[in-house]
Amino acid sequence: MPMHSRTGHLTAVYRRPAPAREARWRAHALQDAVLLLDRYVERAGAGQAPGAGGHPSDPGVPVLARLVADRGDPAATATATRAAAVWARTAGRGAGHPGLYDGGLAGTLVGLRQAAALHPALHQVADRLADRLPARTLTGAARTTPGAVTFRDYDLILGPAGTLLALSAAAPERHRVLVRLGRCLAALCAVDGLDGLRTHYPQHPQLGWLDGRINTGTGHGVAGVLTALAVAARQAEEGDASAAPELAAALRRASRWLTAQAFLDARGIRSWDGAGPDTGPPGGARRRQAWCYGAPGVSWALWDAGDTLRDPAARDFAGAAFDTLAAGYDEDFHLFGDHLGDRLGLCHGAAGVLAVADALHRRARLPSATALRARLLAHLDAHRAGTRALGEERMGLLGGAGGTLSAVLTATGGARDWLPCLGLR
């Protein structure tokens, strides 16, 4: 078994796990997924909140159900089919904004498309929502005044970046819509300093630290915008070549800005603070190294942008940044938080780092990603009890067991078409 010190530094050459180990991890995740989907159905039948992460339209349950059904086991498929049906009965309830998460319609669309793999009649419902959603998004995506934007104007969680990614997963044939949304994001990246992404949160009790600054992260910041712009740029090459130069220019500006924010933390990890720019190099170690903030999500976004631009230097920078993460990653230090979702989930925890490592393992053939991927699969397998406990409370995609188990099943051979929900491929 690969060895690493308590500080996470590699002391031996990692190789891809033996097929038998991956098969065992996959079997354990499938077993736990069936258990939790069955409990989700039981709670709904008893009139209890089924635990979709606080929002009934969250796509975590249908994504997981589809991955379970794809394995072909009849009993598991029956459980997954029931869970998808229960989820579909509440789809569309909630906040109803056009975003991807927090009860948004873009997340509902992804969930409907995934559930339709088990209940084909839902494709018609998804088609109708895909027809209406772009207009809802574009109506609120026109604000480009520097320093006046909030998350809903651009980000992956609530804004058009997330809606674009959701449409790319659930309605990829809509090239023109995806490009139009991409151009809205490109307008916010029209100058080198990315002033269009400087947020406006004066005296906000939770977000005041961001007022006048530019968020770097995947969920709420430049990294997430980069992943959406990359999708739009690839779509433009296929269906709207006239927009390709504008989107490529925005990709380059945002990539340069994000690259310039990088620094080596006290553990030798090439990292990013939550927002920039600051007046000088920060000190200390950065504990939040996750999909949402820090080296994992940002490294992927920069690699994806470089790959889309066919820029070897950009890909190399991103790969080298991830190398430092893999060398310095320490599960005891970097996986923290009072809630199981913080330690095991996609947004803050091990599952999100796994999903990024797996994407770089497959797309970039990055040895350090292969190594970290193996470690995190083993880590999540060792913490199965925690994932099951999380699923009793939350089955959502970003912070619940639905996302954690989906990451494991996908990394061990499952469908990847839901990964745009994370800005991944």
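If you're wondering where the values come from, they're calculated on a predicted model, not measured in any experiment.
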ask   = R234 and E237: salt bridge (Lys or Arg N to Asp or Glu O under 4.0 Å), yes or no, with the steps?
value = CA-CA 5 Å; R234 294 192 291 268; E237 290 182 353; over 6 Å; no
Rounded to the nearest 0.5 Å, how far does [atom2] of [Y] lie from [atom1] of [X]?
X    : Y    : atom1 : atom2 : value
H339 : L390 : NE2   : CG    : 6.0 Å
L118 : T81  : CG    : OG1   : 4.5 Å
R416 : L424 : CZ    : CG    : 8.0 Å
R388 : R39  : CZ    : CZ    : 13.0 Å
L37  : L67  : CG    : CG    : 10.0 Å
L377 : R21  : CG    : CZ    : 9.0 Å

query = What residues form a side chain to side chain contact (heavy atoms under 4.5 Å, CB included) with A364, not counting sequence neighbours?
reply =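 For A364, the residues satisfying side chain to side chain contact (heavy atoms under 4.5 Å, CB included) (neighbours in sequence not counted) are W303, L360, L366.
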message = Checking L258 against T216 for the side-chain contact (heavy atoms from CB on, under 4.5 Å) test, could you report, in this order, the C-alpha distance in whole Å, the side-chain angles of both residues, the deciding distance, and whether it holds?
response = CA-CA 7 Å; L258 200 52; T216 65; 4.0 Å; yes
Within a strict 4.5 Å, meaning less than it, do heavy atoms of the [X] and [Y] side chains meet?
X    : Y    : answer
Q31  : R26  : no
C189 : V225 : yes
S299 : W272 : yes
C421 : L100 : yes

task = Would you kindly say whether Q289 and S271 are connected by a side-chain donor-acceptor distance under 3.5 Å?
result =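 Indeed, the side chains of Q289 and S271 share at least one donor-acceptor pair under 3.5 Å.
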key: Check: Y293/N215 side-chain N/O donor and acceptor closer than 3.5 Å   =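 Yes, side-chain donor-acceptor contact under 3.5 Å.
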Electrostatic pair D381:R24 at N-O distance under 4.0 angstrom =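 A salt bridge is absent here (no side-chain N lies under 4.0 Å from a carboxylate O).
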key: NZ/NE/NH1/NH2 to OD/OE distance under 4.0 Å, D311 and R315   = no
Looking only at non-hydrogen atoms, find the nearest pair between [X] and [Y] and report the distance.
X    : Y    : answer
P59  : V110 : CB-CG1, 4.2 Å
A305 : L226 : CB-CD2, 3.9 Å
T77  : A69  : OG1-O, 3.5 Å
L380 : A350 : CD2-CB, 3.9 Å
A91  : L112 : CB-CD2, 4.2 Å
W291 : G352 : CB-CA, 4.1 Å

task = Please check if atom CD in Q124 has more than 12 non-hydrogen atoms from other residues, nucleotides or ligands closer than 6.0 Å.
result =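 At most 12 heavy atoms, drawn from other residues, nucleotides or ligands, come within 6.0 Å of this atom.
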message = Atom CZ of residue position R256 - does it have more than 12 heavy atoms of other residues, nucleotides or ligands inside 6.0 Å?
response =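 Atom CZ in R256 is crowded, with more than 12 foreign heavy atoms closer than 6.0 Å.
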ask   = Quick one: which of L197, T199, V149 gives a side chain to side chain contact (heavy atoms under 4.5 Å, CB included) with I214?
value = L197
Table please: side-chain donor-acceptor pairs of residues 158-165 below 3.5 Å, with sequence neighbours left out.
residue	atom	partner	partner atom	Å
T163	OG1	P98	O	2.8
T163	OG1	G159	O	3.4

request  = Could you name each residue pair satisfying salt bridge (Lys or Arg N to Asp or Glu O under 4.0 Å) that touches residues 103-117, not counting sequence neighbours?
outcome  = R113-D127
query = Which pairs with one or both residues in residues 63-81 pass salt bridge (Lys or Arg N to Asp or Glu O under 4.0 Å), sequence neighbours excluded?
reply = R66-D70, R66-D417
request  = Let me see the working for L64 and W87 under side-chain contact (heavy atoms from CB on, under 4.5 Å), right down to the final yes or no.
outcome  = CA-CA 12 Å; L64 181 60; W87 178 89; over 6 Å; no
Under 3.5 Å: donor-acceptor pair, side chain of [X], backbone of [Y]:
X    : Y    : result
H361 : S368 : no
D58  : H55  : no
D155 : I157 : yes
H119 : A121 : no
R373 : D358 : no

[X]: side chain to side chain donor-acceptor pair (under 3.5 Å) partners, not counting sequence neighbours:
X    : result
D131 : R174
R180 : none
T79  : R82
E238 : none

request  = Verify side-chain contact (heavy atoms from CB on, under 4.5 Å) between Y329 and L335, making sure each step is shown before the conclusion.
outcome  = CA-CA 10 Å; Y329 193 75; L335 297 175; 3.1 Å; yes
Can you give the donor-acceptor pairs under 3.5 Å from side chains of residues 396-412 to other protein atoms, not counting sequence neighbours?
residue	atom	partner	partner atom	Å
T404	OG1	L344	O	2.9
T404	OG1	G400	O	3.4
S406	OG	G402	O	2.7
T410	OG1	S406	O	3.0
T410	OG1	A415	O	3.2
T410	OG1	W418	NE1	2.8
T412	OG1	V408	O	2.8
T412	OG1	L409	O	3.3

request  = Quick one: which residue pairs count as a side chain to side chain donor-acceptor pair (under 3.5 Å) with a foot in residues 242-253, not counting sequence neighbours?
outcome  =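 Those involving residues 242-253 are R183-E246, D240-S242.
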task = Determine, stepwise, if the pair R286 / D265 fulfils salt bridge (Lys or Arg N to Asp or Glu O under 4.0 Å).
result = CA-CA 6 Å; R286 290 302 177 268; D265 80 352; over 6 Å; no
key: Trace of the salt bridge (Lys or Arg N to Asp or Glu O under 4.0 Å) decision for D307 with R425   = CA-CA 12 Å; D307 190 53; R425 296 191 260 162; 2.9 Å; yes
inquiry  = Filter on ring pair (Phe, Tyr, Trp, His ring centres under 6.0 Å), then keep only pairs touching residues 362-388, sequence neighbours left out; what's left?
reply    =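 Sorted pair list: H379-H383.
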ask   = Does any pair with a residue in residues 151-175 pass ring pair (Phe, Tyr, Trp, His ring centres under 6.0 Å), and if so which ones, sequence neighbours excluded?
value = F151-Y201, F151-H220
Ring-face cation contact, F333 with R287, 6.0 Å cut, 45° max =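 Because its charged atom sits under 6.0 Å from the ring centre and within 45° of the axis, R287 does stack over F333.
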ask   = Checking side-chain contact (heavy atoms from CB on, under 4.5 Å) for the pair W300/T218: CA distance, chi angles, key distance, verdict?
value = CA-CA 10 Å; W300 163 261; T218 302; over 6 Å; no
